[in-house]
Amino acid sequence: MAEALRQTIGGIKVRIGIQVDASVRETEIMISCSQLTPEIEKIIGTLRILNQQLMVTKEDETYILDVSKIIYIEAVDRKTIVYTRDVWYESKLKLYEMEEKLMEYGFLRVSRSCLVQLHYIRSLKNDVERRLCLTLESGERIMVSRQYADEIKRRLGVMKA
């Protein structure tokens with residue numbers, strides 16, 4: 001059985017084909033495109049993040065957290081705090097270690113002390129001195145320092161490379 005769905009994702013027209021075949025041994029996802037755009041990178045990042053987990057703690061209890069639930073990560077008072085929609089946790093990893101581990105899953109550094117998952121950015125607004133203010137799906141606002149502002153704009157497709 002083959003199905004096709006046409007829709008627009010992030011401003012690009014896509015056709016999503018699904019073929020169900022009982023003889024298939026391994027599921028394959030293939031993306032065909034004329035060029036690798038920020039929107040396509042976001043789709044790839046979303047696929048990569050599935051089933052990725054991170055060990056975090058809260059009140060002396062260790063949790064296994066799906067990376068897809070992390071909205072942003074912040075270094076505060078020598079601690080690494082991991083924020084989800086409803087709860088925050090602590091990680092034993094340093095911020096730079098988190099950045100290395102999560103970079104391929106759609107996380108970007110937005111300041112010396114903060115990483116944000118691009119998937120959860122609702123809007124951005126230019127601020128004074130070339131800084132940006134990000135509004136996240138959770139409603140929180142995060143300031144992007146000038147050093148990282150252009151990369152965020154590029155990754156979100158607001159500015160060309």
Side-chain angles (χ1 to χ4, degrees), residues 1-59 61-75 80-111 114-124 134-140 142 144 148-161:
M1 170 194 330
E3 297 177 33
L5 170 68
R6 293 186 191 278
Q7 67 182 71
T8 302
I9 299 175
I12 58 173
K13 292 181 181 178
V14 297
R15 182 177 57 88
I16 300 171
I18 301 169
Q19 182 176 346
V20 178
D21 182 347
S23 67
V24 170
R25 298 261 185 247
E26 182 178 47
T27 300
E28 177 183 22
I29 298 174
M30 175 66 72
I31 298 175
S32 301
C33 56
S34 60
Q35 64 182 11
L36 191 58
T37 64
E39 294 84 7
I40 293 170
E41 285 181 351
K42 189 173 180 180
I43 292 168
I44 294 167
T46 300
L47 291 171
R48 283 185 178 149
I49 206 168
L50 297 172
N51 296 322
Q52 296 302 315
Q53 298 175 328
L54 189 68
M55 300 298 280
V56 293
T57 59
K58 183 157 185 77
E59 300 172 2
E61 193 168 346
T62 301
Y63 295 87
I64 301 168
L65 181 64
D66 286 340
V67 170
S68 63
K69 295 183 178 179
I70 300 172
I71 297 173
Y72 70 102
I73 303 164
E74 189 173 34
T80 304
I81 310 299
V82 177
Y83 297 90
T84 65
R85 189 172 301 279
D86 304 316
V87 184
W88 62 268
Y89 302 91
E90 193 172 329
S91 172
K92 293 189 185 309
L93 297 174
K94 301 287 184 205
L95 194 65
Y96 75 89
E97 293 171 319
M98 295 285 255
E99 181 178 23
E100 289 170 2
K101 185 176 178 92
L102 300 173
M103 198 168 83
E104 67 180 295
Y105 302 115
F107 285 82
L108 268 182
R109 186 176 285 267
V110 296
S111 69
C114 188
L115 303 173
V116 171
Q117 189 178 142
L118 293 175
H119 179 75
Y120 286 104
I121 297 174
R122 184 188 317 155
S123 67
L124 58 134
L134 301 179
T135 302
L136 305 177
E137 296 270 329
S138 63
E140 291 200 57
I142 303 282
V144 178
Y148 302 101
D150 287 347
E151 179 62 17
I152 293 287
K153 287 179 180 179
R154 268 194 291 281
R155 292 290 296 273
L156 291 173
V158 176
M159 184 172 115
K160 295 195 180 210

| Ionic contact status for E61 with K58, cut-off 4.0 Å | no
| Is there a donor in the side chain of Y72 and an acceptor in the side chain of E140, or the other way round, less than 3.5 Å apart? | yes
| Is there a donor-acceptor contact under 3.5 Å linking the side chains of D21 and S23? | yes
| Which heavy-atom pair separates L108 from I152 by the least distance, and what is that distance? | CD1-CD1, 3.7 Å
| note | Scanning both residues in full, the closest heavy-atom pair of C114 with L95 reads N-CD2, 3.6 Å
| What pairs meet the side-chain hydrogen bond (donor to acceptor under 3.5 Å, both in side chains) rule with one or both residues in residues 89-99, with sequence neighbours excluded? | E99-R109
Rounded to the nearest 0.5 Å, what's the gap from [atom1] on [X] to [atom2] on [Y]? Could you check?
X    : Y    : atom1 : atom2 : result
L136 : L118 : CG    : CG    : 10.5 Å
M98  : E74  : CE    : CD    : 12.0 Å
Y120 : R85  : OH    : CZ    : 6.0 Å
L156 : I121 : CG    : CD1   : 4.5 Å
F107 : I71  : CZ    : CD1   : 9.5 Å
L65  : T57  : CG    : OG1   : 11.0 Å

| task | Determine, stepwise, if the pair V144 / L124 fulfils side chain to side chain contact (heavy atoms under 4.5 Å, CB included). | result | CA-CA 10 Å; V144 178; L124 58 134; over 6 Å; no
| task | Decide side chain to side chain contact (heavy atoms under 4.5 Å, CB included) for L54 and L93; before the verdict, give the C-alpha distance in whole Å, the side-chain angles of both, and the deciding distance to 0.1 Å. | result | CA-CA 10 Å; L54 189 68; L93 297 174; 4.1 Å; yes
| query | Is it true that a side-chain atom of Q53 and a backbone atom of I64 form a donor plus acceptor pair closer than 3.5 Å? | reply | no
| request: Check whether more than 12 heavy atoms from other residues, nucleotides or ligands sit under 6.0 Å from atom CE of M103, and answer yes or no. | output: no
